[in-house]
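Working notes, structure below.
Convention: sequence-line order gives letters A, B, ...; per-chain numbering from 1.
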Amino acid sequence: MEISKTFDFTSAEQKWYQHWLDNKYFESTPDDREPYTVVIPPPNVTGILHMGHCLNNTIQDILVRRARMMGKNACWVPGTDHASIATEAKVVHMLRERGIQKSSLSREAFLEYAWEWKEKYGGIILQQLKKLGCSLDWNRTSFTMDPDYYRSVIQVFNDLYGKGYIYRGKRMINWDPRAKTALSDEEVIFKEVQGKLYFLQYQLADKEGNPLPLENGGIIIATVRPETILGDAAIAVNPSDERFKHLIGTEAIVPLINRRIPIIGDDYVATDFGSGALKITPAHDMNDNQIGIKHGLAVYDILNEDGTMSVDAQLYIGLDRFEARKQIVEALKSAGHVVKIDEYTHQVGFSERTDVVVEPRLSLQWWVDMKKISAPALNAVQEGEINFHPAKFKNLYRHWMENIKDWCISRQLWWGHQIPAWYDAEGRFIVAMDEEDAKQKFSATYGVENPQLKQDEDCLDTWFSSWLWPFEVFKGISNPGNKDVAYYYPTNTLVTAPEIIFFWVARMVMAGYEYMGQKPFKDVYFTGIVRDLQGRKMSKQLGNSPDLLEMIDDIGADAVRFGILIASPAGNDLLWDKASNEQGRNFINKIWNALKLVQLWKERSKPNLTAEEMTLGSDWPHEWFDARLREVCTEVDQLMEQFKLSEALKTLYTLVWDDFCSWYLEWIKPGFEKPMDEAHLNKAIGFFEILLERLHPFMPFVTEEMFHLLRDEQPVDLCVRQMDASFIARPADHAILTEAALLKSAITAIRDARVKAQIKNKDAVSLYVVAKEKAVWLPIQELLCKQVNAKSFAFTDDVVAETIQLVIGGDKFYVKSDQALDTSIQRKELEAELSYFQGFLESVEKKLSNEKFVSNAKQEVVDMERKKQADALDKIKMLKEGLANLG
RNA sequence: GGAACAUUAGCUCAGUUGGUUUAGAGCAUUACUUUGACAGAGUAGGGGUCACUGGUUCGAGUCCAGUAUGUUCCA
């Protein structure tokens with residue numbers, strides 16, 4: 001068969017993916033094999049594939065394909081997340097472009113647009129995963145708002161509410177004034193902002209509460225948000241602060257609105273920050289809220305939900321908060337309250353979704369009391385029931401779980417699971433499965449006939465549905481105890497980003513124990529964050545994220561998979577550069593050329609070559625490669641078990657490039673224009689197949705293509721070929737590995753000597769060896785001669801004059817050339833080596849002459865040092881002889 | 001402000017319970033060789049006081065303390 005000059009990935013990718021699908025290789029149903037289950041971290045339904053997905057899904061595919069080839073019933077479940085905030089933002093944006101305001105639409109009309117959008121763009125990302133080669137069971141594709149899934153989410157809400165784990169409460173939350181929604185703490189991004197610190201002077205009040213003139217002193221506070229003074233409920237000072245101690249118990253006057261507020265003492269106030277006096281605004285600051293509760297202060301909510309000033313602010317009503325800030329500063333200046341304004345850099349919370357400044361705000365929200373369900377989830381990870389890779393995330397997890405806070409699960413959005421609570425006109429409410437259920441329960445609870453109820457407008461946090469993912473994709477809630485969930489759950493490995501360890505991983509663990517009574521997965525592999533060469537996180541805003549599909553079209557999916565994985569040490573962030581794709585491409589090119597070579601031999605192969613035709617006299621190279629292959633495969637298996645995928649790939653890379661291509665194929669290569677022995681060829685093809693098999697999970701397309709080109713008729717496709725477990729169960733033959741190491745070092749040393757002495761490749765040399773043990777050279781002397789172009793190999797006991805002398809494996813080699821030798825380079829080499837060993841010897845002897853070392857160190861360590869000393873002395877002796885021999 | 005993790009060649013990283021030849025790999029770079037599988041390959045070389053300062057020890061990249069820098073998380 002004619003083999004193209006290079007691998008044509010475009011046609012191969014298309015052809016093989018379709019072939020795998022046609023043969024249903026990725027489909028899984030329960031059987032008597034051991035399952036290997038992975039659920040995809042569901043990407044946003046309207047998302048597109050980026051480098052993070054590429055890394056994450058390549059890793060999952062490697063694990064799944066490998067499991068499939070190792071006899072497991074591999075099941076990788078695809079799906080998407082409705083991503084309420086992100087998707088709703090996109091739909092709102094799309095509507096705005098069409099000139100439609102969300103506020104002008106009814107909930108039903110909006111959701112119609114949203115579903116239309118989802119049908120149009122949803123699942124593009126799943127198509128893109130196919131381009132990457134992902135072996136997902138497409139029949140099992142799930143969506144967090146599928147009817148069954150939706151109902152399960154509602155059921156879980158009802159259940160947790162029934163258990164008393166969900167409550168409704170007015171709490172300080174992060175408010176996004178643009179999206180008009182509450183945000184969880186995790187959705188707030190703190191950024192350093194250059195702002196201003198305003199020092200404002202408040203008038204003090206006399207005993208009757210009348211303002212004293214500012215000239216009498218007043219009290220100075222510092223704030224970065226002057227507009228919030230309208231919500232002030234107190235001024236706090238540290239009770240130990242001599243400057244203010246006497247004022248505790250008196251009152252001050254809020255400027256402009258002349259509200260009388262108490263001056264209170266609280267340890268929370270830092271004496272060395274600002275002016276030492278702190279204004280307390282309970283409605284608009286987390287800490288102030290705490291102090292307010294502690295001291296029973298009034299609450300003035302001065303902001304509307306869109307970030308404009310409210311009626312309670314008294315001034316600037318309806319004006320945006322930032323505009324109000326400008327105006328109030330002017331007003332305060334005119335009234336003489338501004339003492340000074342400092343430049344000030346501080347951390348400000350921004351909404352992850354809309355990037356506007358977040359306002360801490362009091363709001364009535366739904367909450368989950370996390371302490372009720374977190375205990376088994378903490379134990380599972382602490383006690384190794386669930387293993388994190390790398391393990392360092394265990395600490396982080398513990399820290400978070402031990403200090404877990406209640407989870408605000410309501411979002412002021414329409415796209416999502418609508419909160420199943422129904423209210424009557426008086427604000428009484430009931431939690432139920434649906435409206436009918438609600439009416440019944442409401443009647444039963446409040447004794448009202450045929451109540452008029454209205455469902456809560458808000459929907460649930462996206463994570464409140466995705467925490468059910470590992471079992472609800474198998475309908476663990478909607479169809480409890482079905483045979484899929486019984487077979488596939490708990491899943492094996494979760495591959496995800498450390499950023500969502502709390503959002504998602506921890507909550508899945510909690511939900512798993514709460515609803516399935518067991519862990520959701522055995523292992524969690526945390527990938528790094530993909531960054532660019534400057535170390536910046538890849539993001540759309542920065543425009544530093546490469547177009548993945550373009551890259552796949554350009555260089556091939558296998559090269560991209562190789563590129564991202566080779567750059568990806570376990571648990572560390574990876575600085576990704578396009579150059580690593582090229583390393584992948586070069587590697588593919590290298591294997592492809594090995595295939596071409598084997599193909600060439602195939603055309604020239606014959607059975608039962610005559611002794612004359614036969615270049616290779618023994619099976620030694622095959623025996624060695626067999627041993628080497630088993631050694632490396634064992635190593636790779638161990639690395640894979642430790643989730644060191646990148647190292648496993650590197651190990652295979654070296655095996656292919658160095659051991660297979662540079663050594664093995666060269667050793668069995670027939671002489672120029674000589675025929676290839678069929679038996680030898682078949683051995684080589686057999687090894688080649690095993691290499692392809694081991695590489696397949698990493699680079700599925702090129703390996704499948706080559707596997708079929710290697711033999712005219714393959715009994716199976718590589719995708720489902722089963723790895724031979726007994727192959728690596730046989731231990732590698734160490735004797736032959738040692739011989740090979742000796743052969744390699746001899747070849748390298750002699751080639752090096754030839755170059756140094758400027759002996760042309762085509763000029764044959766003669767080798768004379770002073771061997772301590774002749775037997776070690778016998779099996780390899782033929783190959784040695786072939787690889788270094790030596791015409792003879794002879795043992796000797798005498799010095800051979802006019803030669804280059806080398807020391808290989810403790811034996812002396814004399815390399816004799818018919819040409820005149822240029823020994824100058826050789827001499828320099830020997831001198832350098834000599835001085836190295838002399839220095840080395842010195843350091844060893846220093847150690848050995850240290851009595852404390854000899855008496856304290858373990859015997860074997862001392863013995864080792866003695867051996868080093870002896871070896872070094874030996875080496876020095878030979879080097880000196882070599883120099884003498886050079887004349 | 002608190003916490004976790006990190007800091008080893010130009011870059012990305014290994015380095016197992018302190019001792020296996022005065023620190024290893026890949027990529028990049030340089031020189032030479034070769035062009036009969038190889039948009040290349042082969043061989044060799046350069047490049048590191050293992051962030052810094054102390055300490056423990058016969059012995060520290062490895063353990064301890066502190067400092068600096070960075071990343072992330074939490075206030």
Side-chain angles (χ1 to χ4, degrees), chain A residues 3 5-6 185-186 188 190 270 273 286-287 347 349 390 392-400 403 405 498-499 501-502 528-529 531 533 535 537 566-577 579-580 582-583 585-601 642 644 646-647 649-651 653-654 657-658 661-662 665-666 669 672-673 747-756 758-762 787 825 829 832 836-844 846-858 860-865 867-872 875:
Chain A
I3 304 222
K5 187 160 167 51
T6 51
D185 290 349
E186 289 81 2
V188 178
F190 286 90
F273 180 81
M286 302 276 181
N287 297 312
Q347 299 284 317
K392 66 178 176 185
F393 290 110
K394 206 170 148 176
N395 273 339
L396 191 66
Y397 179 86
R398 194 196 66 220
H399 190 255
W400 191 76
N403 298 290
K405 292 181 194 134
E499 303 157 294
I501 183 167
F502 309 129
I529 298 165
R531 297 174 183 279
L533 283 179
K537 196 170 159 178
I566 204 79
S568 168
N572 280 354
D573 288 357
L574 54 141
L575 273 65
W576 184 88
D577 179 40
S580 57
E582 281 156 28
Q583 198 187 342
R585 197 233 2 241
N586 289 348
F587 182 46
I588 288 165
N589 191 245
K590 182 77 183 177
I591 324 173
W592 191 259
N593 277 299
L595 174 72
K596 274 162 62 184
L597 178 65
V598 170
Q599 198 64 25
L600 198 76
W601 292 346
Q642 297 162 36
K644 294 183 175 171
S646 175
E647 280 186 59
L649 178 57
K650 278 180 193 157
T651 307
Y653 176 86
T654 309
W657 201 299
D658 295 343
C661 293
S662 297
L665 291 181
E666 290 298 331
K669 196 183 236 176
F672 186 56
E673 307 237 300
I747 292 172
T748 305
I750 295 168
R751 278 181 183 166
D752 184 33
R754 291 182 63 120
V755 171
K756 298 266 160 63
Q758 304 195 326
I759 301 171
K760 293 237 158 52
N761 278 4
K762 56 177 187 277
Q787 296 300 301
I825 300 173
E829 282 285 313
Y836 170 87
F837 277 102
Q838 278 166 341
F840 177 69
L841 181 65
E842 207 175 306
S843 84
V844 174
K846 198 171 151 198
K847 213 183 240 187
L848 283 169
S849 63
N850 181 346
E851 251 176 64
K852 284 182 179 168
F853 169 72
V854 180
S855 54
N856 287 337
K858 277 185 289 188
E860 64 233 53
V861 175
V862 178
D863 288 347
M864 184 56 70
E865 290 302 312
K867 183 171 186 315
K868 283 190 209 169
Q869 183 188 30
D871 287 354
K875 190 85 188 181

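- Counting non-hydrogen atoms under 4.0 angstrom, A/Lys847 reaches nothing in the nucleic acid.
- Residue A/Asn593 has a polar side-chain atom (N or O) positioned under 4.0 Å from OP1 or OP2 of B/A39.
- Of all nucleotides present, none satisfies the Watson-Crick or G-U wobble test against B/A39 with each distance under 3.5 Å.
- In the set B/U43, B/A41, B/G19, B/G19 carries the atom at the smallest distance from any side-chain atom of A/Ala857.
- A/Trp592 places a side-chain heavy atom less than 4.5 Å from the side chain of A/Ile3.
- In this structure, of B/A41, B/A44, B/A39, it is B/A39 that holds the atom nearest to the side chain of A/Lys5.
- For B/A25, the base adopts the anti conformation, since its glycosidic angle falls more than 90 degrees from zero.
- OP1 or OP2 of B/A39 has at least one side-chain nitrogen or oxygen of A/Asn589 nearer than 4.0 Å.
- Distance, A/Glu582 CD to B/U12 C1': 16 Å, rounded to whole Å.
- Regarding A/Trp601, its CH2 atom lies at a distance of 9 Å from the C1' atom of B/A37, rounded to whole Å.
- Minimum atom distance to the side chain of A/Asn850 is reached by B/C58, of the listed B/U43, B/U21, B/C58.
- Atom-to-atom, NZ of A/Lys650 to P of B/G26 comes out at 10 Å; the value is rounded to the nearest Å.
- The partner of B/G70, taking Watson-Crick or G-U wobble pairs whose two distances both stay under 3.5 Å, is B/C5.
- Remark: the A/Gln583 side chain and the B/A28 base include no donor-acceptor N/O pair separated by less than 3.5 Å.
- Note on A/Ser662: only backbone sugar-phosphate atoms sit closer than 4.0 angstrom, heavy atoms only; bases stay farther off.
- Between B/G15, B/A37, B/U22, one nucleotide has an atom nearer to the side chain of A/Tyr836 than all others, and that is B/U22.
- Distance OH (A/Tyr653) to P (B/G26): 9 Å, rounded to an integer number of Å.
- By the 4.5 Å heavy-atom criterion applied to side chains, A/Lys858 and A/Val861 are counted as neighbours.
- At the heavy-atom level, A/Thr748 lies under 4.0 Å from the strands shown only through sugar-phosphate atoms.
- Across all strands shown, B/U16 has no partner, as no Watson-Crick or G-U wobble contact with both distances under 3.5 Å is found.
- Rounded to an integer number of Å, the gap from A/Phe393 CZ to B/A4 C1' is 10 Å.
- Relative orientation of the A/Phe502 and A/Trp400 rings is parallel, given thresholds of 30° and 60° on the angle between their planes.
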Inset, instruction - Kindly determine whether A/Asp871 and A/Lys875 satisfy salt bridge (charged side-chain N to carboxylate O under 4.0 Å, His left out), including the steps that lead there. - result: CA-CA 6 Å; A/Asp871 287 354; A/Lys875 190 85 188 181; over 6 Å; no

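- When Watson-Crick and G-U wobble pairs are counted only if both distances are under 3.5 Å, B/A65 pairs with B/U53.
- Between the CD atom of A/Glu666 and the P atom of B/G36 there is a distance of 13 Å, rounded to whole Å.
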Inset, instruction - Would you please test A/Lys590 and A/Asn593 for side-chain hydrogen bond (donor to acceptor under 3.5 Å, both in side chains) and show each step? - result: CA-CA 5 Å; A/Lys590 182 77 183 177; A/Asn593 277 299; over 6 Å; no

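- In this structure, B/A44 forms a base pair with B/U30, meeting either the Watson-Crick or the G-U wobble geometry with both donor-acceptor distances under 3.5 Å.
- Between B/U43, B/A37, B/C58, one nucleotide has an atom nearer to the side chain of A/Cys661 than all others, and that is B/A37.
- Nearest nucleotide to the side chain of A/Lys669, out of B/A14, B/A44, B/A37: B/A37.
- Residue A/Lys405 places at least one side-chain N or O closer than 4.0 Å to OP1 or OP2 of B/A75.
- Distance from the side chain of A/Asp871 is smallest for B/U21 among the nucleotides B/U21, B/C73, B/C58.
- A salt bridge does not link A/Lys650 to A/Glu647: none of the charged nitrogens lies less than 4.0 Å from a carboxylate oxygen.
- At whole-Å resolution of the value, NZ in A/Lys868 and C1' in B/U22 are 9 Å apart.
- Atom NZ in A/Lys867 sits roughly 19 Å away from atom P in B/G19 (whole-Å rounding).
- Taking the six-membered ring for Trp and thresholds of 30 and 60 degrees, A/Phe840 and A/Phe837 have ring planes more than 60 degrees apart, a perpendicular arrangement.
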